[in-house]
Amino acid sequence: IVYRYNSSSSSSINSSSSSSSTNSTNSTNSSSGGGNNVEKRVQGFIAPPPPPLSLPEHMKLNREIVNMIGADEVLKLVERRGDSFNFINVATAMASLPKVAKRGKHPHERMLVGKVISTDARFSRLLLLASEHCPSFTARECASVMHGLSVLHADLCVAQASDATLVSQLVTQLVAGVERQPGVLKPVEVVKTLRVLGTLEAAKAAVSAPGWAALGVAVERAAPAMKPREVASMLNAISKLDVAMSSSGWNALV
């Protein structure tokens, strides 16, 4: 469709269809006689909006995991979809399992739940997945998985949660991440990490002298953003460990 405008006669607008007129340029200006003719060619059509993008599969899995309300649900998903998990899904499952397992239960009930989890082949599968994906974990995923193991061990008496091989893997990966990026852990993650090191003997034993120094730097970086309750928890955890704190680190905490 071609629209022609004659500037010498503003009331004259002619519209015509033509297949043999001009080539496919969008607009051409031409001078003729006493006025300027402006020709515009309109092509194409208005496309419908694209369909909404579907979420990547691992994001869908993560949503499923965080919305589960029972340990059996988490373990069923591990059984059905564990081979599709990426490292984030594994970390989320390890962090969510102890939360839903102990939710709303008295201490003696937690021990019974922990006993069931201990003998469940699906939990063993989850631990294996954590070991397989450990090289992909950042320091934050390591901290999350270690905290989950600590809760399973301390609150639910799940013996496998203190598996020395897996815990050592996680500690090594976490320390490497903290050495690369001392400020990568949030304050609450630093607190949880040190509490884990005080709870899981295998984790504490796996930290080298340089590792303790790196954790000390992480504490120093996180301290200014800590709430009073987190500072108190941090000081309590440090008192039981060999964290190498600098004078500036102590000043930041106190």
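Values reported hereafter were calculated over all heavy atoms of this structure, with side chains retained and with hydrogens, waters and symmetry mates removed.
Val151 and Val90 sit in two unconnected hydrophobic clusters of ILVMFWY residues. Membership requires side-chain heavy atoms under 4.5 Å apart, directly or through other members. If you chain together hydrophobic residues whose side chains sit under 4.5 Å apart, Val113 and Val100 fall into the same group. Grouping the Ile, Leu, Val, Met, Phe, Trp and Tyr side chains by contacts below 4.5 angstrom, directly or via other members, places Val145 with Val207. By the rule that hydrophobic residues join a cluster once side-chain heavy atoms approach within less than 4.5 Å of another member, Leu235 and Leu185 end up as members of one cluster. In terms of hydrophobic clustering, with Ile, Leu, Val, Met, Phe, Trp and Tyr side chains grouped at heavy-atom distances under 4.5 Å, Met94 and Val188 are assigned to different clusters.
Taking each heavy atom of Val217 and Pro182 in turn, the nearest pair found is CG1-CB, 3.6 Å. Taking each heavy atom of Phe123 and Leu97 in turn, the nearest pair found is CD1-CD2, 3.6 Å. Residue Ala203 comes nearest to Met146 through the heavy atom pair CB-CE, 4.4 Å, listed as atom of the first residue, atom of the second, then distance. For the pair Ala202 and Ala164, the tightest heavy-atom approach, listed with the atom from each and the gap, is CB-CA, 4.0 Å. Closest approach of Phe87 to Phe137, counting heavy atoms only: O-CE2, 3.3 Å.
Judged as a salt bridge (Lys or Arg N to Asp or Glu O under 4.0 Å), not a single pair has a partner in residues 220-248 (not counting sequence neighbours). Sorted by first and then second residue, the pairs that involve residues 92-109 and meet side chain to side chain donor-acceptor pair (under 3.5 Å), not counting sequence neighbours, are Asn62-Thr92, Lys102-Asp155. Residues in residues 164-186 take part in no salt bridge (Lys or Arg N to Asp or Glu O under 4.0 Å) pair, two or more places apart or across chains. Each side chain to side chain donor-acceptor pair (under 3.5 Å) pair with one or both residues in residues 116-133, not counting sequence neighbours, appears once here: Asp72-Arg122, Asp83-Arg125, Asp120-Arg122, Ser131-Gln169. The list of side chain to side chain donor-acceptor pair (under 3.5 Å) pairs with a residue in residues 187-210, not counting sequence neighbours, reads Arg140-Glu189.
By the side-chain contact (heavy atoms from CB on, under 4.5 Å) test, Ala95 is found to be paired with Ser144, residues two or more places apart in sequence or in another chain being considered. Scanning for side-chain contact (heavy atoms from CB on, under 4.5 Å) contacts around Val116 gives an empty result, with sequence neighbours left out. In terms of the side-chain contact (heavy atoms from CB on, under 4.5 Å) criterion, residue partners of Ala161 (sequence neighbours excluded) are, by chain and number, Leu149, Leu152, His153, Val158. With sequence neighbours left out, the side-chain contact (heavy atoms from CB on, under 4.5 Å) criterion links Ala93 to Ile65, Val74, Phe85, Leu126.
At least one side-chain heavy atom of Ile238 sits under 4.5 Å from a side-chain heavy atom of Trp250. Contact annotation: the side chain of Trp212 approaches that of Leu197 to within less than 4.5 Å [non-hydrogen atoms, C-beta and beyond]. Put simply, the side chain of Ser162 does not reach to within 4.5 Å of the side chain of Val167, judged on heavy atoms. In this structure the side chain of Leu170 never reaches within 4.5 angstrom of the side chain of Leu174, judged on heavy atoms. With a 4.5 Å cut-off on side-chain heavy atoms, Met234 and Leu194 count as touching.
How far OG of Ser239 is from CG of Leu241: 7.5 Å, rounded to the nearest 0.5 Å.
Side chain of Asn86 to main chain of His58: no donor-acceptor pair is present (N/O by atom type, distance under 3.5 Å, no hydrogens or angles).
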